[in-house]
Amino acid sequence: MKPKHSILAAVLLVILASGYWFGWRKGDPEAGAGFGSANGLSAWSANGVEDKDGSRTRRTRPADLSAYKGVLSDPEAIAAMDDDARLRLLEEIGKLGNASEREKGWAALLHLIASLDPDQAIELAHKLPPGGHAEVAKWVGMPLMHTQPAKAAAFMIDMADPKDLGSTYTDIASTWVDRDAKATGEWLSTLPKGPDLDRASRAYSIKAANQDPAGALEWAASLGNESLRAESLMVVYQTWKKEDPAAAEAALKALGLTMEQLNADLKKPRPKLNSGDDDD
């Protein structure tokens, strides 16, 4: 079975490519010569090339900006590019007028490059204009979480919009914990305290309950918001209780907590979770 993000990437590329092909200029087959093939990339990367066609010489027009989608639909074409060609394509995508399409184009390109050379993908991402790049953070950072989680976490935070840090922290914590709960906890301890950390800690503690219930309970108890803390403690406690009721009860008492107190705290106001946060 293909990884989830690889499947989503394929779907994204098909969508991008389809928009390109449907917008193809009728009666001008030369306009896209070479696209979708690594052998024809020079037609895109050059400013126009001369070629022979029988008795005449013609200058092939440079592809318009929509042509980048044809290249993005062919991973082999990206693999055949050198570093400079990849940078030029990144810059060409940056000329697109539609901000959403521009971000998706960057994300699709850098996702493909990351599958070949993660370090280069990160280097190119840092050449993007200042500001948040959530699509790039997700499509480059999340797959990298499975092999180099610490590097992926730093990259995703760099790329995130400050207002989306809560969601970014949560994505990182809930993914990394499956690979290494201890390392994830150590990373969480480096984050500034506040609502963003609370959301990430909540996601971490709930997912870590099966791996390390004692540690998960301690993390749940560290949340600043009383309602979130009580909810997280309850989930971890109930999960642990199924495996070892006595240990779960003892741990809860060691924290100076009772079920009555947890139930009372659950009724208190809780912060609104960001879109994408785990609210199960």
**Q** Consider only side-chain heavy atoms of I, L, V, M, F, W and Y, link residues closer than 4.5 Å, and tell whether Val177 and Val236 are in one cluster.
**A** no

**Q** What pair of heavy atoms forms the shortest contact from Arg229 to Asp265, and how long is it?
**A** NH2-OD2, 4.5 Å

**Q** Check whether any side-chain heavy atom of Leu252 sits under 4.5 Å from a side-chain heavy atom of Met259, and report yes or no.
**A** yes

**Q** Do the side chains of Tyr237 and Val235 join up, straight or via other hydrophobic residues, at under 4.5 Å, putting them in one cluster?
**A** no

**Q** Using 0.5 Å steps for rounding, measure from the CG atom of Leu116 to the NE2 atom of His111.
**A** 10.0 Å

**Q** Run the side chain to side chain contact (heavy atoms under 4.5 Å, CB included) check on Leu191 and Asp196 step by step: do they pass?
**A** CA-CA 9 Å; Leu191 301 179; Asp196 291 340; over 6 Å; no

**Q** How long is the span from the CG atom in Asp158 to the NE2 atom in His133, to the nearest 0.5 Å?
**A** 11.0 Å

**Q** Once rounded to the nearest 0.5 Å, what's the spacing between atom CD of Glu231 and atom CG of Leu262?
**A** 11.5 Å

**Q** Can you list the steps and then say if Leu109 with Arg86 is a side chain to side chain contact (heavy atoms under 4.5 Å, CB included)?
**A** CA-CA 8 Å; Leu109 173 62; Arg86 291 173 181 173; 5.6 Å; no

**Q** Does Asp84 form a side chain to side chain contact (heavy atoms under 4.5 Å, CB included) with Arg88? I'd like the steps, not just the answer.
**A** CA-CA 6 Å; Asp84 289 339; Arg88 287 197 299 274; 3.8 Å; yes

**Q** Give the cluster check for Leu165 versus Val136: same hydrophobic cluster or not, with ILVMFWY residues linked at side-chain heavy-atom distances below 4.5 Å.
**A** yes

**Q** Could you tell me how the ring of Trp187 sits relative to the ring of Trp176: parallel (under 30°), tilted (30 to 60°) or perpendicular (over 60°)?
**A** tilted

**Q** Provide the closest heavy-atom pair for Leu188 versus Ala173 in the form atom of the first, atom of the second, distance.
**A** CD2-CB, 4.3 Å

**Q** To the nearest 0.5 Å, what is the distance between CE on Met156 and OG on Ser167?
**A** 10.0 Å

**Q** Just jot down the side-chain hydrogen bond (donor to acceptor under 3.5 Å, both in side chains) partners of Asp83, sequence neighbours excluded, or say none.
**A** Gln120

**Q** I'd like to know if the side chain of Tyr169 reaches the main chain of Ile157, judged simply by a donor and an acceptor atom lying under 3.5 Å from each other, with no hydrogens or angles considered.
**A** no

**Q** Work out which heavy atom in Leu233 is nearest to a heavy atom in Ala221; give both atom names and the distance.
**A** CD2-N, 3.8 Å

**Q** For the backbone of Ile172 and the side chain of Thr175, can you confirm whether one donor and one acceptor N or O come within less than 3.5 Å of each other?
**A** no

**Q** Applying a strict under-4.5 Å side-chain criterion to I, L, V, M, F, W and Y, I'd like to know whether Leu257 and Leu223 cluster together.
**A** no

**Q** Show, in sequence, the C-alpha distance, side-chain angles and deciding distance for Met159 and Lys138, and conclude whether the side chain to side chain contact (heavy atoms under 4.5 Å, CB included) test is met.
**A** CA-CA 9 Å; Met159 289 290 108; Lys138 178 176 68 176; over 6 Å; no

**Q** Considering only heavy atoms from C-beta outward, does the side chain of Thr239 approach that of Ile206 to under 4.5 Å?
**A** no

**Q** May I ask you to decide whether Lys127 forms a salt bridge with Glu91, counting only side-chain N to carboxylate O separations under 4.0 Å?
**A** no

**Q** Taking the side chain as everything from C-beta on, heavy atoms only, tell me whether Asp180 gets closer than 4.5 Å to Pro149.
**A** no

**Q** For Gln261, does the CD atom have more than 12 heavy-atom neighbours from other residues, nucleotides or ligands under 6.0 Å away?
**A** yes

**Q** For the atom pair CH2 (Trp139) and NZ (Lys104), what is the distance rounded to the nearest 0.5 Å?
**A** 10.0 Å

**Q** Please round to the nearest 0.5 Å and tell me the distance separating atom CG of Leu110 and atom CG of Leu89.
**A** 9.5 Å

**Q** Taking all non-hydrogen atoms of both residues into account, name the closest pair between Glu103 and Gly132 and its distance.
**A** OE2-O, 4.5 Å

**Q** May I ask you to test the Glu243-Pro213 pair for a side-chain heavy-atom distance under 4.5 Å?
**A** no

**Q** Let me check something: do Leu96 and Trp106 share a hydrophobic cluster, defined by ILVMFWY side-chain heavy atoms less than 4.5 Å apart, either directly or through other members?
**A** yes

**Q** Any donor-acceptor pair under 3.5 Å linking the side chain of Asp198 with the backbone of Asn225?
**A** yes

**Q** A side-chain contact here means heavy atoms from C-beta on lying under 4.5 Å apart; do Asp119 and Glu123 qualify?
**A** no

**Q** Just do the salt bridge (Lys or Arg N to Asp or Glu O under 4.0 Å) check on Lys95 and Glu92 with the steps written out, would you?
**A** CA-CA 5 Å; Lys95 296 175 184 178; Glu92 287 301 306; 2.9 Å; yes

**Q** List the atom of Leu197, the atom of Pro192, and the distance in Å for their closest heavy-atom pair.
**A** CB-O, 3.4 Å

**Q** Using the side-chain hydrogen bond (donor to acceptor under 3.5 Å, both in side chains) rule, collect all pairs that involve residues 210-222, keeping only residues at least two apart or in two chains.
**A** none

**Q** Has Lys207 got a side-chain atom pairing as donor or acceptor with Ser174's backbone, closer than 3.5 angstrom?
**A** yes

